[in-house]
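First the structure, in the form of structure tokens, and then the observations on it.
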Amino acid sequence: MKNFKNIIATGLVICSGILGFGCKQAEEKKDHKTPIGDERIKVGILVYPGVELLDFSGPAEVFSNSKYFRVYTISVNSGKISTKNNTLSMNPDFTISNAPLPDILVLPGGQLGDIRLVTGNKEVMDWITKVNAHTKLTMSVCTGAAILSKAGLLDGKTATTHSGAIDTLQKITPRARFISDVRFVEDGKILTTAGVSAGIDGALHVVEKMKGLKEALFVTSIMEYDKWKPADGKVIGVNQGMDMNKMKHDHMVDTTAHDGISKTTNTDEKDVVCGMTVPKGRSKYFSAYKGKDYHFCSASCKNLFDKNSALYASKN
């Protein structure tokens, strides 16, 4: 896993250098410090031989791009494991015997035959039950819902999974109600997602739930992921929050108040999207909203503001 992380980190550095992406949260700026240690929400992702690559790496990418979360992988035993089709070999960070107790437990999916390596192991299932008793949220991705089913954690719950596995999961979990055509379902502290890529949407929902819509949108900006629509998920018994599809004209840049030239300022200004300080004077990236100019550290932050102006300007 360490080699995998090094490769990803190197790629991000190269990408950041090419694009000039100045607001990457990993840069420890004085006005955008990264919390350390126990201040961060711990996200433990269980991995096993044959696990679906995007099932675990999608949520990992989301959570690791927020300064509020610490992500680590957990396996049953020490040593390398390979993902489905031997696409990737990795060394997980911990085993179930020494992993820090996570605040969020993520259970990714795979082929049902491979998942039986988990569901058929009493030690692992006992560990999941024990950990779930202490988590703020337990999340499955795709067919990882079969692990929740085996643990009895879906009884009385509404859930979802990969469209091709819904009928099977419904049969083996008669006390749950499986639904389709949603990207994720949150029912109490249990969150299940649809297939594979839906783990990204589910993780973004968790970021929004725990740290607010602005933080979730910032993560989508870093990832350049424009497919997230909160309304595509279902939260049982709770209002789902903002519908991004409704954030249109009222939230867009006020072009009538914009003359195409940024006004100079006598003092430094904070980027309302990422919080970084924008040097005083003329700024390359700026937008106007309701008669006020806003300056940004990067094109990415400007684009995010232009799509959600009312949200970011609400307290300015």
Considering only heavy atoms from C-beta outward, does the side chain of [X] approach that of [Y] to under 4.5 Å?
| X | Y | result |
| --- | --- | --- |
| Ser180 | Thr160 | no |
| Val51 | Asp114 | no |
| Val118 | Leu46 | yes |
| Tyr68 | Met210 | no |
| Ile128 | Leu105 | yes |
| Lys157 | Phe178 | no |
| Tyr225 | Val62 | no |
| Cys142 | Glu52 | no |

Atom [atom1] in [X], atom [atom2] in [Y]: separation rounded to 0.5 Å?
| X | Y | atom1 | atom2 | value |
| --- | --- | --- | --- | --- |
| Asp103 | Lys42 | CG | NZ | 4.5 Å |
| Phe56 | Thr73 | CZ | OG1 | 7.5 Å |
| Leu204 | Glu61 | CG | CD | 10.5 Å |
| Met139 | Phe63 | CE | CZ | 5.5 Å |
| Asp226 | Lys229 | CG | NZ | 9.5 Å |
| Leu148 | Leu154 | CG | CG | 5.0 Å |

Margin query: Is it the case that atom CG in Asp167 sees more than 12 heavy atoms from other parts of the structure closer than 6.0 Å?
Written below: no
Margin query: Using a 6.0 Å cut-off, check whether atom CG of Asn98 has over 12 heavy atoms from anything other than its own residue.
Written below: yes
Notebook entry, point to check: Between Glu186 and Lys209, is there a side-chain N and carboxylate O pair less than 4.0 Å apart?
Noted result: yes
Check: If you measure from the Lys or Arg side-chain nitrogens to the Asp or Glu carboxylate oxygens, is any gap between Asp126 and Lys122 under 4.0 Å?
Finding: yes
Item checked: Intermediate values then yes/no, side chain to side chain contact (heavy atoms under 4.5 Å, CB included), Leu54 and Ser197 -> CA-CA 7 Å; Leu54 191 57; Ser197 64; 4.0 Å; yes
When you measure from the side chain of [X] to the backbone of [Y], do you find a donor-acceptor pair of N or O atoms at a distance under 3.5 Å?
| X | Y | result |
| --- | --- | --- |
| Thr143 | Gly110 | yes |
| Thr173 | Gln170 | no |
| Ser57 | Leu53 | yes |
| Thr87 | Lys84 | yes |
| Thr95 | Val76 | no |
| Asp55 | Gly109 | yes |
| Asp187 | Ile190 | no |

Note to self: For the residue pair Ser89 / Ser82, report whether a side-chain donor-acceptor contact shorter than 3.5 Å exists.
What the structure shows: yes
Can you name the closest pair of heavy atoms from [X] and [Y] and give their distance?
| X | Y | result |
| --- | --- | --- |
| Tyr289 | Ala310 | OH-CB, 3.5 Å |
| Pro102 | Val43 | CB-C, 4.5 Å |
| Pro108 | Ile147 | O-CD1, 4.1 Å |
| Gly79 | Pro92 | O-CD, 3.5 Å |
| Ser149 | Leu169 | CB-CD1, 4.3 Å |
| Ala194 | Val182 | CB-O, 3.4 Å |

Item checked: Stepwise side chain to side chain contact (heavy atoms under 4.5 Å, CB included) check, Phe69 with Arg40 -> CA-CA 5 Å; Phe69 297 84; Arg40 290 182 292 173; 5.8 Å; no
Checklist line | Steps toward side chain to side chain contact (heavy atoms under 4.5 Å, CB included) verdict (Ile41, Lys211) | finding: CA-CA 10 Å; Ile41 298 169; Lys211 291 300 174 181; 4.0 Å; yes
Next item on the list: Run through Lys234, Arg183, Lys227 and flag the one making a salt bridge (Lys or Arg N to Asp or Glu O under 4.0 Å) with Asp201.
Entry: Arg183
Check: Same hydrophobic cluster for Met125 and Leu117, using side-chain heavy-atom links shorter than 4.5 Å among ILVMFWY?
Finding: no
Notebook entry, point to check: Tell me the ring-ring contact (aromatic ring centres under 6.0 Å, His included) pairs involving residues 140-171, sequence neighbours left out?
Noted result: none
Item checked: Pair listing, ring-ring contact (aromatic ring centres under 6.0 Å, His included) test, anchored in residues 84-129, at least two apart -> Tyr72-Phe94
Next item on the list: Given side chain to side chain contact (heavy atoms under 4.5 Å, CB included), test Val141 with Leu107 step by step and report yes or no.
Entry: CA-CA 6 Å; Val141 179; Leu107 303 172; over 6 Å; no
Item checked: Stepwise side chain to side chain donor-acceptor pair (under 3.5 Å) check, Lys189 with Thr135 -> CA-CA 8 Å; Lys189 64 178 284 183; Thr135 60; 3.0 Å; yes
